[in-house]
Engineer: 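This is the structure I want to talk about, given as structure tokens.
Chain identifiers are assigned alphabetically (A, B, ...) following the order of the sequence lines, protein sequences preceding nucleic acid strands; residue numbering begins at 1 within each chain.
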There are 2 protein chains.
Amino acid sequence: MKRPTLEVVAARAGVSKSSVSRVINGETTVAPQIRDVVMQAVHELGYVPNGAARNLVTRRTDTLAVVVSDPPQGVVSDDPLFSAVVRAVSRELEIAGKRLVLMLAESDQSRTRVEQYIAGAHVDGVLLVALHGTDPLPAALSRQGLPVVSFNRTSAQDVPYVALDNAGGAALAVHHLLERGRRRIATITGPLELHEARERLDGYRHTLRDTGRRSIVALGDFTRGSGAEAMRQLLEDDPDLDAVFAANDLMAIGALRTLHQAGRRVPEDVAVVGFDDIEAASYTTPSLTSVRSPMADQATAAVHLLLSLIDGGPTDPVIMPNELVVRESS
Amino acid sequence: MKRPTLEVVAARAGVSKSSVSRVINGETTVAPQIRDVVMQAVHELGYVPNGAARNLVTRRTDTLAVVVSDPPQGVVSDDPLFSAVVRAVSRELEIAGKRLVLMLAESDQSRTRVEQYIAGAHVDGVLLVALHGTDPLPAALSRQGLPVVSFNRTSAQDVPYVALDNAGGAALAVHHLLERGRRRIATITGPLELHEARERLDGYRHTLRDTGRRSIVALGDFTRGSGAEAMRQLLEDDPDLDAVFAANDLMAIGALRTLHQAGRRVPEDVAVVGFDDIEAASYTTPSLTSVRSPMADQATAAVHLLLSLIDGGPTDPVIMPNELVVRESS
DNA sequence: CTGAAAGCGCTTACAG
DNA sequence: CTGAAAGCGCTTACAG
């Protein structure tokens with residue numbers, strides 16, 4: 001059974017293809033009687049317009065690409081944020097009546113594929129989720145003249161973005177620890193080539209400096225193992241520390257383990273605060289205090305920004321505030 | 001700067017549109033010299049074929065839809081499996097040179113949208129991820145005559161699927177506990193309207209029956225809270241139990257908490273085994289023994305099944321085996 | 001308000 | 001092996 005076309009519907013309804021098209025597209029300049037007879041035919045035949053034909057002539061696809069650019073073992077893709085972001089974007093696009101093509105760019109090869117696809121006029125715009133500020137994709141895509149919005153700050157100047165207030169979030173964590181009476185507050189950083197990591201470190205540093213305290217810094221790379229290792233090193237270098245701010249939850253979880261092995265009680269001896277508030281943060285023992293990144297809200301904002309860009313609206317960067325979720329570890 | 005068309009490339013290369021088309025599509029019946037001059041023009045102009053035009057005439061889109069059908073607070077979407085499945089599918093489709101349109105069906109309204117979209121000839125096939133065997137979508141989509149494969153067993157008879165060996169996984173867990181010398185092994189079930197939940201319960205029951213032991217069953221609904229509550233009830237009903245098999249990890253995590261509060265040591269007093277091996281399973285204290293569902297492999301298998309269906313190949317159901325990941329809790 | 005006609009950018013028999 | 005022509009299924013000025 002072949003799919004019916006506009007022409008078949010028109011014949012059935014006894015009107016022109018133009019009229020059927022107008023009814024289908026909800027134009028108001030159609031006589032009610034024509035409208036009715038067309039709708040009748042549409043229902044009887046189960047007609048649904050062919051997408052490709054429509055896209056070809058309108059030059060729109062009502063489809064947006066979400067490109068997740070990250071190495072296979074990278075930070076974005078493997079962590080729980082992936083799911084939160086993708087789902088929020090999907091929901092928001094559905095509300096806007098758009099479709100989502102998901103593309104992973106995990107290698108140079110797939111990056112090329114993404115560029116080819118984008119160049120093929122399959123989508124109206126691109127939402128880029130890339131953690132590395134140095135990712136070449138934003139610039140490459142933006143060069144194609146297609147609307148591009150980034151889920152993070154990028155090195156490409158002209159790409160609008162939505163970003164977390166990372167420094168503010170770190171400040172939130174440190175202030176909280178100070179209020180709890182902690183005096184020797186260390187931090188475990190992410191990989192410093194990432195914006196996020198640098199900004200969180202800056203927030204930590206500035207807050208301590210403003211209160212006349214010194215920073216105690218250990219380097220991590222956002223993995224659980226690196227958090228455990230950094231914590232070991234911190235305990236060795238500064239046995240008297242009484243608090244740790246980890247730049248993400250995975251490292252905080254690693255730190256918890258090290259503290260447990262070292263016989264330090266959390267939070268009595270050492271308070272721990274993480275960042276991101278991933279699901280696992282509430283499963284640890286003790287449960288983990290964390291800076292909540294409003295991933296879903298950020299995703300929603302990014303979609304709105306992209307839609308605005310496509311419609312020629314404003315494209316000012318959006319900075320998302322964080323909040324602190326206090327649990328047992330601090 | 002307008003995108004160049006086939007016609008422009010043909011003019012530049014001094015050949016016909018037909019020849020350009022043939023070169024672009026890698027047909028072998030082209031003279032080398034024509035091939036070269038066309039490729040030259042393609043590169044100079046940065047030509048990429050318009051997808052819509054191509055789709056219209058070929059009646060293929062090289063795009064597959066992944067439909068995740070579940071209530072907003074549902075089991076599939078909110079849990080960590082979502083990300084694993086979506087990523088694995090995406091990778092596999094990329095290898096096959098296909099694109100992925102992701103659709104969430106969280107309400108009747110969005111279900112309708114999905115059906116409309118599928119009917120619009122935007123995709124060549126559908127991979128359906130729905131936990132509820134009673135979901136109306138498989139049947140509805142399959143009725144459209146488009147290739148559909150389900151990530152789970154469904155009530156629609158004619159929809160090929162890939163499923164986990166749930167009963168086998170449960171048996172694995174119970175045998176393991178028996179080998180550890182446990183004698184009073186309880187279970188916490190998932191919501192019994194789900195295939196998964198029933199099959200895991202059956203596996204538990206049969207294994208115990210085969211060894212002459214009785215079942216101790218508490219009902220849960222796959223949430224952490226329900227696991228905690230079921231565990232409380234089990235302890236009350238049968239204070240001497242020495243092991244629990246929870247039908248998923250979230251419930252197992254809830255059970256761990258209840259046991260901790262009740263002063264039972266894990267695994268010394270009560271051994272705990274979960275199912276799914278989500279990421280959080282390795283973060284708990286003690287870390288959780290779990291039946292590993294090979295989600296990525298299952299996703300890969302589902303993609304292969306769908307591609308096979310599209311090509312008119314075999315479409316036999318695939319059953320994925322599980323393995324047990326033994327950690328500290330048992 | 002309605003219809004006939006052109007055209008979107010490709011692919012594909014069909015001749016040669 | 002190559003090219004001219006038809007056609008995929010829509011939308012959209014343009015007349016009326």
Side-chain angles (χ1 to χ4, degrees), chain A residues 1-42 45-63 116-124, chain B residues 1-42 45-63 116-124:
Chain A
M1 180 182 88
K2 235 173 123 298
R3 297 165 41 94
T5 67
L6 241 204
E7 185 150 21
V8 175
V9 177
R12 175 87 159 222
V15 299
S16 72
K17 292 195 300 175
S18 313
S19 289
V20 176
S21 175
R22 289 184 187 109
V23 171
I24 295 291
N25 291 294
E27 290 186 25
T28 48
T29 62
V30 221
Q33 57 214 21
I34 292 225
R35 217 195 85 85
D36 290 347
V37 69
V38 168
M39 288 310 284
Q40 171 88 354
V42 165
L45 296 167
Y47 171 72
V48 177
N50 178 294
R54 177 177 273 181
N55 293 346
L56 179 56
V57 51
T58 61
R59 300 174 171 293
R60 282 187 305 99
T61 60
D62 290 328
T63 301
Q116 281 287 112
Y117 181 70
I118 302 302
H122 294 273
V123 298
D124 299 339
Chain B
M1 180 182 89
K2 232 171 126 296
R3 297 165 40 95
T5 67
L6 239 206
E7 186 150 21
V8 174
V9 176
R12 175 87 157 221
V15 300
S16 71
K17 293 196 300 176
S18 313
S19 289
V20 176
S21 176
R22 289 184 188 112
V23 172
I24 296 292
N25 291 294
E27 290 186 26
T28 48
T29 63
V30 219
Q33 55 215 18
I34 292 225
R35 216 194 86 86
D36 291 346
V37 69
V38 167
M39 289 310 284
Q40 170 91 352
V42 165
L45 297 167
Y47 172 72
V48 178
N50 178 293
R54 179 178 272 180
N55 293 346
L56 178 56
V57 50
T58 60
R59 299 172 173 295
R60 283 186 305 100
T61 60
D62 290 328
T63 301
Q116 281 287 112
Y117 182 71
I118 302 303
H122 294 273
V123 297
D124 299 339

Engineer: So A:S18, base contact, sugar-phosphate only, or nothing? Heavy-atom distance under 4.0 Å.
Structural biologist: base

Engineer: Ignoring hydrogens, what is the shortest heavy-atom contact between A:I118 and A:V123? Give both atom names and the distance.
Structural biologist: CD1-CG2, 4.0 Å

Engineer: Do any of residues 7-16 of chain A sit with a heavy atom less than 4.0 Å from DNA chain C, and if so which?
Structural biologist: A:V15, A:S16

Engineer: Tell me which residues in residues 21-39 of chain A put a heavy atom below 4.0 Å from DNA chain D, sorted by number, or none.
Structural biologist: A:S21, A:R22, A:N25

Engineer: Verify side-chain contact (heavy atoms from CB on, under 4.5 Å) between A:V23 and A:M39, making sure each step is shown before the conclusion.
Structural biologist: CA-CA 8 Å; A:V23 171; A:M39 288 310 284; 3.7 Å; yes

Engineer: So which heavy atom on A:V38 is nearest to which on A:A13, and how close?
Structural biologist: CA-CB, 4.1 Å

Engineer: So which atom in A:L45 and which in A:V8 form the shortest heavy-atom distance, rounded to 0.1 Å?
Structural biologist: CD1-CG1, 4.0 Å

Engineer: Can you confirm whether B:R35 is buried at CZ, in the sense that more than 12 heavy atoms of other residues, nucleotides or ligands lie under 6.0 Å from that atom?
Structural biologist: no

Engineer: Identify the two heavy atoms, one from B:D62 and one from B:R60, that lie closest to each other, and give their separation to 0.1 Å.
Structural biologist: OD1-NH1, 2.7 Å

Engineer: Counting only non-hydrogen atoms, which of residues 46-57 of chain B are less than 4.0 Å from DNA chain D?
Structural biologist: B:L56, B:V57

Engineer: Between OH of A:Y117 and OG1 of B:T63, what distance do you get to the nearest 0.5 Å?
Structural biologist: 5.0 Å

Engineer: State, to 0.1 Å, how close B:A10 and B:V20 come at their nearest heavy-atom pair, and which atoms those are.
Structural biologist: CA-CG2, 3.6 Å

Engineer: Scan the side chains in residues 48-56 of chain A for donor-acceptor partners under 3.5 Å anywhere in the protein, sequence neighbours excluded, and list what turns up.
Structural biologist:
unit_1	atom_1	unit_2	atom_2	d
A:N50	OD1	A:A52	N	2.9
A:N50	OD1	A:A53	N	2.9
A:R54	NH2	A:N25	OD1	3.3
A:N55	ND2	A:G51	O	3.4

Engineer: Could you tell me the boundaries of the chain A footprint on DNA chain C, defined by atoms under 4.0 Å from its heavy atoms?
Structural biologist: C:dC1 to C:dG9

Engineer: Under 3.5 Å for both distances, Watson-Crick or G-U wobble, that's the pair rule; now give the dot-bracket for DNA chain C, with | marking pairs to another strand and [ ] for crossing ones.
Structural biologist: |||.||||||||.|||

Engineer: Hey, which sits more toward the 5' end of DNA chain D by its nearest nucleotide, B:R59 or B:S19?
Structural biologist: B:S19

Engineer: So, taking the atom named NE2 in A:H122 and the one named CD in A:Q116, what distance separates them when rounded to the nearest 0.5 Å?
Structural biologist: 9.5 Å

Engineer: Where do A:I34 and A:V37 come nearest, in terms of heavy atoms and distance?
Structural biologist: O-CG1, 3.1 Å

Engineer: Let me confirm one number: the OG1-CZ distance from A:T5 to A:R3, rounded to the nearest 0.5 Å.
Structural biologist: 9.5 Å

Engineer: Measuring from B:R22:CZ to B:T28:OG1, what's the distance to the nearest 0.5 Å?
Structural biologist: 11.0 Å

Engineer: Does atom CD of A:E7 have more than 12 heavy-atom neighbours, drawn from other residues, nucleotides or ligands, at distances under 6.0 Å?
Structural biologist: no

